[in-house]
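Down below is the structure, laid out as structure tokens.
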Amino acid sequence: MRTSKLYAPTLRETPAEAEVISHQLMLRAGFIRKAAGGIYNYLPLAWRVLKKIERIVREEMDAAGGQELLLPIVLPAEMWQETGRWDVYGDEMFRLKDRHGRDFCLGPTHEEMITTLIRDEVRSYRQLPLLLYQIQNKFRDERRPRFGLMRGREFIMKDLYSFDRDEAGLDISYKKMYDAYSNVFTRCGLTFRPVEADPGAIGGKGSHEFMVIAEAGEAGIVYCDGGCDYAANVEKAELHPIAAPAAAPLALELKDTPGTKTIAAVADFLGLPADRTVKTLAYATDKGLVIALVRGDHEVNEIKVQNAVGCIALEMADEAAIAAAGTSPGFMGPIGIKNAIVVADNTVMKMANTVVGANQGDRHYVNVNPGRDFTPDIVADIRLIQEGDPCPRCGTPVKAARGIEVGQVFKLYTKYSRKLNATYLDENGQEQVMVMGTYGIGISRTMAAAIEQNNDANGIIWPAAIAPFQAVVIPVNNADPGQRELAERMYADLTAAGLETVLDDRDERAGVKFKDADLIGYPLKVTVGAKAVAEQRVEVKTRRGGETHFFPLAEATAAVKDLLAKL
RNA sequence: CGGGGCGUAGCGCAGUUUGGUAGCGCGUUCGGUUCGGGACCGAAAGGUCGCAGGUUCAAAUCCUGUCGCCCCGACCA
């Protein structure tokens with residue numbers, strides 16, 4: 001490819017709409033252009049990267065026994081109504097009607113379609129396990145698309161579905177996918193970490209997310225750096241109750257604590273550390289008002305509360321809802337509260353002579369002993385893990401990081417196969433429900449994640465395996481026939497040797513070409529200047545690390561190939 | 001959906017407070033000089049000031065409505 005013909009409009013300045021680095025660089029380097037919020041055009045450079053990622057994904061999926069197919073994007077409503085997700089998905093689903101008024105949606109995911117596809121034709125245990133996948137655009141009308149390709153409304157996803165006879169089979173399929181995903185992201189040159197995840201609304205029990213470690217990541221993760229390899233999404237990370245020092249229970253007492261609406265204020269007023277108090281938060285849910293209790297210095301993990309209560313919707317209750325429950329913001333507590341589900345963190349139950357709000361303004365109870373003075377409806381681990389908390393496996397203090405979720409693997413069990421009647425006959429002629437798994441990779445998000453993790457002040461630094469081109473040849477002065485000729489020759493030789501090469505044949509000054517090359521992020525830059533012509537050698541610079549090598553012309557092609565292989 | 005910010009040339013922005021001929025930088029085109037890290041000189045093209053309505057002799061500017069975009073929050077297979 002010649003730069004003079006390449007459709008890659010680069011920008012000197014960063015468009016104002018882009019906040020995160022991957023978004024900025026993809027716009028500046030001419031990879032993407034926006035069509036609407038969260039919807040992008042992929043220009044030739046981006047498309048080349050995406051195809052490379054897809055290729056790696058295909059190879060790994062095929063190696064793991066997957067078969068590629070292609071399901072429709074436009075999906076009829078009926079199957080979604082069968083599983084109940086037509087309603088559950090809500091506004092996040094792009095919906096449309098055909099000319100007859102029949103309901104359709106643009107596929108946000110394909111559990112329904114794949115399951116209804118195979119249920120009639122897979123009838124025997126002999127046909128299982130079955131691993132089917134596709135790579136396709138997905139549509140989710142996100143409430144808030146953001147960060148360029150990181151959270152779009154239309155995005156490219158690989159989705160694989162496994163169908164097994166039983167849970168043992170699912171475990172095998174799940175392991176294959178887990179390993180395949182590790183291979184994919186390793187081959188893409190990414191620093192990532194599989195973490196335990198909360199399965200969320202899709203249901204099922206086991207789940208891991210593959211997180212590319214990056215500051216711009218939307219997800220918080222914790223990992224054990226010492227004793228073991230535990231790693232989890234903060235939403236999921238378990239915490240064992242912390243034992244409190246033994247203390248003789250004192251008599252419950254109601255105290256005036258004027259103006260102490262925060263834990264810090266109460267603790268200060270009573271002369272106690274925050275970890276001797278209990279924090280109470282109120283949530284409005286589809287099951288009514290929920291009061292969550294954690295130790296004063298801890299934070300509530302809302303996902304865990306949601307799971308403990310078994311509710312679908314959960315948000316902080318407003319003042320009106322709190323007042324309706326007969327309590328007062330800043331002075332809420334479990335003692336005497338009515339019309340609310342009280343959920344206590346397991347650590348709270350270990351506390352003695354603690355402090356809770358008295359459900360009336362400016363008053364707290366002191367010397368509160370959980371179990372004696374109040375009995376929660378639910379006791380569970382509802383605490384949000386923080387850096388330094390003990391690893392649930394080995395007790396070593398955990399580290400915190402941020403991650404971009406580029407893949408997720410789920411054990412669905414029979415959640416969809418049961419609702420959609422995907423059954424088979426076993427050896428004994430008994431009808432059994434298929435056991436399913438679902439496995440996604442965000443292809444376009446992986447591209448963005450790769451940039452988040454690989455960039456510098458000058459632009460993108462592509463991992464060689466997914467770079468749009470592997471090398472760029474730059475004649476320093478295009479007006480010099482000797483340089484032009486030598487550059488043409490290098491370009492032809494490298495191309496013939498199977499390297500994806502760009503020749504920057506533009507009549508631009510060297511600086512412009514170097515800047516564009518760095519911005520786009522070609523792994524290798526082959527520079528042809530006056531010295532190269534005089535001495536019959538070329539200069540090759542690596543984008544990552546910036547080392548410069550000189551090679552005699554005769555050896556240049558082999559040396560470039562060699563260098564690339566080492567990247 | 002709640003809160004905040006922004007829509008003026010391809011990109012980055014000024015002009016809006018106080019209404020009066022729409023500007024600057026970059027980029028683009030043409031001519032010339034230059035040529036190893038975003039050159040210089042000269043000429044030129046390019047804008048319904050997001051959209052609609054209103055006030056006014058006169059609206060980018062004031063008022064009302066509306067659409068879009070970005071950020072924070074909520075939410076997120």
Side-chain angles (χ1 to χ4, degrees), chain A residues 9-20 23-24 27-28 30 33-39 80 83 85 88-93 107-112 138-148 150-153 155 157-161 197-204 207 209 218-219 233 235 283-284 302-303 306 312-318 405 407-410 412 415-416 437-442 445 457-459 474-480 483-484 504 506-519 525 527-533 539 541 546 548:
Chain A
T10 57
L11 304 171
R12 291 200 182 196
E13 287 173 286
T14 305
E17 68 186 41
E19 187 77 7
V20 298
H23 190 196
Q24 293 178 350
L27 287 168
R28 281 194 57 208
R33 289 292 183 263
K34 186 173 66 183
I39 299 176
W80 295 89
T83 61
R85 285 211 286 184
V88 172
Y89 240 104
D91 288 338
E92 202 174 311
M93 190 179 254
T109 177
H110 282 71
E111 284 82 10
E112 280 80 356
K138 292 285 189 279
F139 298 82
R140 294 182 195 174
D141 196 359
E142 295 280 352
R143 282 182 182 194
R144 188 178 159 207
R146 56 179 151 177
F147 300 158
M150 300 243 290
R151 181 165 296 277
R153 295 195 293 171
F155 56 97
M157 176 164 135
K158 184 285 305 179
D159 44 324
L160 185 144
Y161 306 91
D198 185 272
I202 195 168
S207 176
E209 290 164 338
E218 294 184 88
N233 192 312
E235 293 174 350
Y283 293 97
E302 296 183 359
I303 303 285
Q306 211 167 331
I312 295 166
L314 178 143
E315 58 182 30
M316 293 292 283
D318 56 22
E405 181 196 334
Q408 185 160 16
V409 292
F410 273 103
L412 289 174
K415 182 180 167 92
Y416 294 97
T438 180
Y439 316 86
I441 290 179
R445 187 186 275 183
N458 290 320
I474 298 179
V476 167
N477 184 349
N478 212 39
D480 178 323
Q483 290 182 35
R484 211 167 54 219
D504 197 339
R506 295 175 298 173
D507 284 324
E508 290 287 353
R509 294 165 63 89
V512 173
K513 298 193 223 182
F514 290 147
K515 287 287 185 189
D516 270 353
D518 289 349
L519 180 60
K525 193 163 52 190
T527 306
V528 176
K531 261 193 184 168
V533 175
E539 171 188 333
K541 194 166 183 181
T548 305

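Per chain, numbering begins at 1; letters A, B, ... match sequence-line order.
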Exercise. When we call it a touch if two heavy atoms are under 4.0 Å apart, what does Glu539(A) touch: a base, just sugar-phosphate, or nothing?
Worked result: base

Exercise. Of all the choices, G38(B), A39(B), C69(B), which nucleotide is nearest to the side chain of Arg509(A) once you look at every atom?
Worked result: A39(B)

Problem set entry | Asn478(A) CG - A39(B) P separation (whole Å) | 16 Å

Exercise. Distance between the P atoms of C24(B) and A45(B), in whole angstroms?
Worked result: 13 Å

Exercise. Does the side chain of Arg143(A) get closer than 4.0 angstrom to OP1 or OP2 of C1(B) through an N or O atom?
Worked result: no

Exercise. Can you check the Glu405(A) CD to C75(B) C1' distance for me, whole Å?
Worked result: 14 Å

Exercise. When we call it a touch if two heavy atoms are under 4.0 Å apart, what does Lys34(A) touch: a base, just sugar-phosphate, or nothing?
Worked result: sugar-phosphate

Problem set entry | Interatomic distance, Leu27(A) CG vs G10(B) C1' [rounded to whole Å] | 13 Å

Exercise. Base, sugar-phosphate, or nothing for Gly37(A), non-hydrogen atoms under 4.0 angstrom?
Worked result: sugar-phosphate

Problem set entry | Pairwise C1' distance, A44(B) and U17(B) [rounded to whole Å] | 36 Å

Seminar exercise, completed: Comparing Gly442(A) with Ala532(A), nearest RNA chain B nucleotide closer to 5' gives the residue Ala532(A)

Exercise. Looking only at side-chain N and O atoms, does Arg12(A) come under 4.0 Å of OP1 or OP2 in G27(B)?
Worked result: yes

Exercise. Expressed in angstrom and rounded to an integer, what is the separation of Gln24(A) atom CD from G12(B) atom P?
Worked result: 11 Å

Seminar exercise, completed: By the Watson-Crick or G-U definition, both distances under 3.5 Å, G68(B) is matched with C6(B)

Problem set entry | Side-chain donor/acceptor contact of Arg151(A) with base of C76(B) under 3.5 Å | yes

For this session: Look at the side chain of Glu17(A) against the base of G7(B) and say whether a donor-acceptor pair falls under 3.5 Å; ignore hydrogens and angles.
Result: no

Exercise. Base, sugar-phosphate alone, or nothing: which one does Leu314(A) contact when heavy atoms must sit under 4.0 Å apart?
Worked result: sugar-phosphate

Exercise. Does the side chain of Arg146(A) get closer than 4.0 angstrom to OP1 or OP2 of C72(B) through an N or O atom?
Worked result: yes

Problem set entry | Complement of G31(B), any strand, by Watson-Crick or G-U distances under 3.5 angstrom | C41(B)

For this session: Go ahead and name the base partner of C62(B); Watson-Crick or wobble counts if both distances stay under 3.5 Å, otherwise write none.
Result: G54(B)

Problem set entry | Side chain Glu13(A) and base G25(B) donor-acceptor under 3.5 Å | yes

For this session: Would you check if Tyr439(A) and Lys158(A) make a side-chain contact, meaning some heavy-atom pair closer than 4.5 Å?
Result: yes

Exercise. Val512(A) side chain: which of U28(B), G38(B), C71(B) is closest?
Worked result: G38(B)

Exercise. Checking only heavy atoms, does the side chain of Arg28(A) share a donor-acceptor pair with the base of G38(B) at less than 3.5 Å?
Worked result: yes

For this session: Can you check whether any acceptor in the base of G37(B) is under 3.5 Å from a donor in the side chain of Lys525(A), or vice versa?
Result: yes

Problem set entry | Residues Lys531(A), Glu539(A); criterion salt bridge (Lys or Arg N to Asp or Glu O under 4.0 Å); working and verdict | CA-CA 9 Å; Lys531(A) 261 193 184 168; Glu539(A) 171 188 333; over 6 Å; no

For this session: Please state the P separation for the pair U61(B) and G54(B) - nearest whole angstrom.
Result: 14 Å

Exercise. Heavy atoms, side chains only, cut-off 4.5 Å: are Arg506(A) and Asn478(A) in contact?
Worked result: no

Exercise. With sugar-phosphate meaning primed atoms plus P, OP1 and OP2, does Asp159(A) contact a base, only sugar-phosphate, or nothing at under 4.0 Å between heavy atoms?
Worked result: nothing

Exercise. To the nearest Å, how far apart are Arg144(A) CZ and C70(B) C1'?
Worked result: 8 Å

Exercise. For Thr527(A), which contact category applies under a 4.0 Å heavy-atom criterion: base, sugar-phosphate, or nothing?
Worked result: base

Exercise. Can you tell me how far C1' of C76(B) sits from CG of Asp198(A), to the nearest Å?
Worked result: 12 Å

For this session: Could you let me know what G73(B) is paired to, Watson-Crick or G-U wobble, both distances under 3.5 Å, or none if it's on its own?
Result: C1(B)

Problem set entry | Same-atom distance (P) from G15(B) to G23(B), integer angstrom | 16 Å

Exercise. Given that both distances must come in under 3.5 Å, which nucleotide forms a Watson-Crick or G-U wobble pair with C24(B)?
Worked result: G12(B)

Exercise. Roughly how far apart, to the nearest Å, are G53(B) and A59(B) at atom P?
Worked result: 13 Å

Exercise. Which is true for Phe147(A) with a 4.0 Å heavy-atom rule: it touches a base, it touches only sugar-phosphate, or it touches nothing?
Worked result: sugar-phosphate

For this session: Pick base, sugar-phosphate or nothing for Pro15(A), based on heavy-atom distances below 4.0 Å to the nucleic acid.
Result: sugar-phosphate

For this session: Could you work out the separation of C57(B) and G5(B) based on their P atoms and round it to a whole Å?
Result: 33 Å

For this session: Check every strand shown and say whether Ala16(A) touches a base, only sugar-phosphate, or nothing at a heavy-atom separation below 4.0 Å.
Result: sugar-phosphate

For this session: Check whether any side-chain heavy atom of Thr438(A) sits under 4.5 Å from a side-chain heavy atom of Asp159(A), and report yes or no.
Result: no

Problem set entry | U29(B) versus C70(B) - spacing of their C1' atoms, nearest Å | 33 Å

Exercise. Counting only distance, no hydrogens or angles, is the base of G37(B) paired donor-acceptor with the side chain of Asp518(A) under 3.5 Å?
Worked result: yes

For this session: Write down the distance separating the C1' atoms in U18(B) and A60(B), rounded off to the nearest Å.
Result: 15 Å

For this session: Choose from G38(B), G37(B), G36(B) the nucleotide whose nearest atom is closest to any side-chain atom of Lys541(A).
Result: G37(B)

Exercise. Mapping Asn477(A) and Glu19(A) to their closest nucleotides on RNA chain B, which lands nearer the 5' end?
Worked result: Asn477(A)

